K.L.:
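Quick one: structure below, then a few questions.
All figures in this text were calculated on a predicted structure; none of them were measured in a lab. Residue numbers begin at 1 in each chain, while the letters A, B, ... track the order of the sequences.
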There are 2 protein chains.
Amino acid sequence: MAGFDPPGRLVTLTDVAREAGVGESTVSRVLRNHGSYSKRAGERVAEAVARLGYVPNRLAGSLAGGGAGTGSGLVGVVIPSLANIVFPDLLRGLTAALDGTGMQSVVGVSEYDPDREEALVAALLSWRPEALLLTGLEHSPGTVSLARAAGVRVVEMIDTDGEGIDRVVGFSNRAAGEASARHLLARGYRRIGYIGLDPGSDRRGGKRLAAFEAVLAEAGLSLVGREVREGRSSAAMGRAGFEALLARHPDLDAVYFANDDMALGGWFACLAAGLAVPERIALFGFNGLDFTEAMPQPLSTIRTPRLAIGRAAAACLTGDGPARIDLGFDLIEGATA
Amino acid sequence: MAGFDPPGRLVTLTDVAREAGVGESTVSRVLRNHGSYSKRAGERVAEAVARLGYVPNRLAGSLAGGGAGTGSGLVGVVIPSLANIVFPDLLRGLTAALDGTGMQSVVGVSEYDPDREEALVAALLSWRPEALLLTGLEHSPGTVSLARAAGVRVVEMIDTDGEGIDRVVGFSNRAAGEASARHLLARGYRRIGYIGLDPGSDRRGGKRLAAFEAVLAEAGLSLVGREVREGRSSAAMGRAGFEALLARHPDLDAVYFANDDMALGGWFACLAAGLAVPERIALFGFNGLDFTEAMPQPLSTIRTPRLAIGRAAAACLTGDGPARIDLGFDLIEGATA
DNA sequence: AACAGAATTGGCAGCGCTGCCAAAGCGAGA
DNA sequence: TCTCGCTTTGGCAGCGCTGCCAATTCTGTT
């Protein structure tokens with residue numbers, strides 16, 4: 001039952017031309033609706049295509065279509081992870097915007113490893129994509145030179161704090177960190193802890209934290225304690241981290257989390273331990289994931305424009321927009337801080 | 001600063017051959033490490049590649065490489081959504097398994113629309129992928145005939161309840177629904193409600209529900225009430241649905257949710273309303289998402305082998321495994337039912 | 001009916017690469 | 001030194017399609 005009608009050759013454009021009784025160029029023009037052709041030719045070709053079940057070969061089409069410039073219809077995308085809904089959200093915005101343009105994205109997952117990112121970029125470029133979408137601004141030198149030499153549009157998504165290769169779409173993680181700190185300070189919290197991931201791999205989290213600490217320093221404060229974990233962030237990690245941190249620093253009055261997943265874990269921990277939030281201890285997250293607003297106490301967090309970033313990145317591919325698009329973020333006051 | 005060194009032609013294999021002072025075929029053999037060549041030739045080619053910054057053109061490679069069979073190195077994947085972490089998990093398993101094989105996946109998102117799925121399949125097939133990975137067993141006739149005519153391996157993921165086109169990898173949603181019902185019955189719950197999505201689009205959820213109801217019927221019971229919502233499932237939707245359902249049927253003693261996100265929303269609703277779980281009302285989810293185990297009361301749910309499905313699907317592409325792989329699922333007793 | 005100008009059409013080179021094949025290089029035995 | 005058998009090499013056709021160009025077929029005029 002495997003799908004093998006003719007195990008051999010697939011239907012080609014030449015077959016369609018023969019079947020329709022027209023020339024190859026005419027078929028090509030009809031199929032792409034490019035150039036002029038008669039109504040009659042259009043009908044005959046459409047019939048032949050239907051009869052033969054022709055599926056165009058875009059490998060050939062892209063190869064033929066003027067090597068550089070005309071475009072293959074592929075977009076190469078590198079994201080660090082699929083485990084965190086943030087990146088699928090990015091892809092969602094992207095594919096939604098790409099839908100109907102005839103472009104497809106080829107996705108690589110770097111697992112936060114710059115070397116792997118470089119390998120992926122090389123692999124993706126071998127498909128001669130029309131554009132390359134990367135995540136963040138930190139890349140290996142090899143990645144940068146590959147991207148530059150490719151002669152295609154390069155869009156770096158999410159982070160706007162630094163120099164980009166070509167186009168940059170995102171928001172300022174630094175500003176997000178600062179806003180978080182200012183919010184906590186304004187609410188009167190002074191004994192603040194942090195729970196996050198290894199800044200070596202979580203570059204953007206590291207930027208937020210640095211900005212957060214800078215604001216604390218301005219106020220003559222510093223983090224009371226921090227708990228940094230390795231691996232994939234999760235509610236379980238957030239809960240364990242929170243419990244460990246609170247055991248070390250029972251006098252904390254607020255905790256800043258690297259993201260909402262971990263913050264949810266922290267909230268679970270409070271619930272389990274009977275700690276009043278935010279009276280006994282305040283929680284502040286990052287990302288503004290869907291579930292936060294359904295919580296009995298909506299999580300105080302920062303909502304990032306993930307879909308919009310994906311969409312804007314797609315828009316960059318075609319238009320000649322600005323080199324840098326800052327989509328900002330929203331501070332969600334919530335009820336946990 | 002855009003990445004445009006030579007706005008015109010990119011480096012080709014012919015350039016490398018000239019630079020290295022060897023023939024094109026030799027370069028090709030060296031680069032693919034296929035066929036025999038001297039050590040000296042290998043070195044000269046490697047140097048020339050490095051010097052020129054050559055990136056192979058796989059469009060051309062795949063086109064040349066014996067049309068059918070030799071393989072393009074692309075895998076076409078269609079998933080219904082990126083908004084639900086379940087499908088990124090699938091991709092994660094897949095890309096992890098594909099990593100190092102030189103294959104890349106091209107992903108399309110159908111948004112649960114069979115027509116869109118068909119369009120995506122056609123679009124993906126135009127890249128002459130080596131395999132086509134679909135989600136679920138329900139497809140439009142057009143999708144099925146396209147897939148069959150393509151002459152490539154077709155793998156349908158997640159659901160094993162029904163006939164597949166070629167290969168099927170997943171678990172039985174029917175069995176999952178039955179297991180959920182048996183669990184609730186065994187725990188003594190009798191007045192059970194359901195909160196889920198429109199079964200027209202959520203086919204697999206519909207299968208689970210049907211099986212769930214069949215088990216209830218065997219025990220002489222039926223669902224006390226159900227709340228079916230449209231759109232993207234979320235904790236907020238689960239919470240709203242739960243509150244609506246409970247308002248209509250205050251005597252419910254358990255609720256079966258279409259997935260964990262909605263169940264989390266239900267749990268939030270209980271927390272907010274001060275309803276004891278599971279004493280006053282029990283909650284049962286589906287999927288076994290990460291956060292469920294970090295909850296103060298771990299959610300009672302069914303853990304689905306999403307990563308393993310992705311991995312197994314990747315394994316199908318190469319090997320000649322069985323037509324159907326059932327990876328099963330785990331019932332997580334949890335503490336909410 | 002003849003003609004200019006526009007619309008439509010087919011032929012064919014070539015995109016960059018791989019597979020095939022024949023030619024060349026090489027070492028060892030006669 | 002010459003020949004045999006193996007390894008290594010380069011040339012070239014062709015994958016399926018598109019772009020270009022010249023040929024052909026219309027149109028509306030005069």
K.L.:
Which atom pairs, one a donor and one an acceptor, fall under 3.5 Å between side chains of residues 112-121 of chain A and the rest of the protein, sequence neighbours left out?
P.N.:
from: A:Asp113; atom 1: OD1; to: A:Asp115; atom 2: N; distance (Å): 2.8
from: A:Asp113; atom 1: OD1; to: A:Arg116; atom 2: N; distance (Å): 3.4
from: A:Arg116; atom 1: NH1; to: B:Asp99; atom 2: OD2; distance (Å): 3.4
from: A:Glu117; atom 1: OE1; to: A:His139; atom 2: ND1; distance (Å): 3.0
from: A:Glu117; atom 1: OE2; to: A:His139; atom 2: ND1; distance (Å): 3.2
from: A:Glu118; atom 1: OE1; to: A:Ser140; atom 2: OG; distance (Å): 2.7

K.L.:
Indicate whether OP1 or OP2 belonging to D:dT8 is found under 4.0 Å from a side-chain N or O atom of B:Ser36.
P.N.:
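Affirmative; the distance criterion is met.
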K.L.:
Looking at A:Arg153 and A:Glu130, does any basic side-chain N land under 4.0 Å from a carboxylate oxygen?
P.N.:
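Looking at A:Arg153 and A:Glu130, the cut-off is not met.
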K.L.:
Answer yes or no: does a side-chain N or O of B:Tyr54 lie under 4.0 Å from OP1 or OP2 of C:dC17?
P.N.:
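Answer is yes, contact under 4.0 Å.
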K.L.:
Please determine if a side-chain N or O atom of B:Ser62 lies less than 4.0 Å away from the OP1 or OP2 oxygen of C:dC17.
P.N.:
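Result: no.
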K.L.:
Would you say a side-chain N or O of A:Thr14 is under 4.0 Å from OP1 or OP2 of D:dG16?
P.N.:
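A:Thr14 to D:dG16 OP1/OP2: no side-chain N or O under 4.0 Å.
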K.L.:
Is any side-chain N or O of A:Ser25 under 3.5 Å from a base N or O of C:dG11, one able to act as donor and the other as acceptor?
P.N.:
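Such a pair is found, so the answer is yes.
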K.L.:
Kindly point out which of C:dG10, D:dT8, D:dC17 is positioned nearest to the side chain of A:Leu13?
P.N.:
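Nearest listed nucleotide: D:dC17.
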K.L.:
So which atom in A:Ser72 and which in B:Leu59 form the shortest heavy-atom distance, rounded to 0.1 Å?
P.N.:
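Closest approach of A:Ser72 to B:Leu59: CB-CD1, 4.3 Å.
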K.L.:
From the set D:dC20, D:dG16, D:dC15, return the single nucleotide nearest to any side-chain atom of A:Arg29.
P.N.:
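Output: D:dC20.
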K.L.:
Between B:Glu24 and B:Ala60, which residue's closest nucleotide on DNA chain D lies nearer the 5′ terminus?
P.N.:
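Nearest-nucleotide comparison on DNA chain D picks B:Glu24.
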K.L.:
Between A:Ser28 and D:dT18, is there a contact of a side-chain N or O with OP1 or OP2 at under 4.0 Å?
P.N.:
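So the side chain of A:Ser28 is within the cut-off, an N or O lying under 4.0 Å from OP1 or OP2 of D:dT18.
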K.L.:
Hey, are B:Glu156 and B:Arg167 close enough for a salt bridge, meaning a charged N less than 4.0 Å from a carboxylate O?
P.N.:
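No.
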K.L.:
Would you say a side-chain N or O of B:Arg32 is under 4.0 Å from OP1 or OP2 of C:dT18?
P.N.:
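Affirmative; the distance criterion is met.
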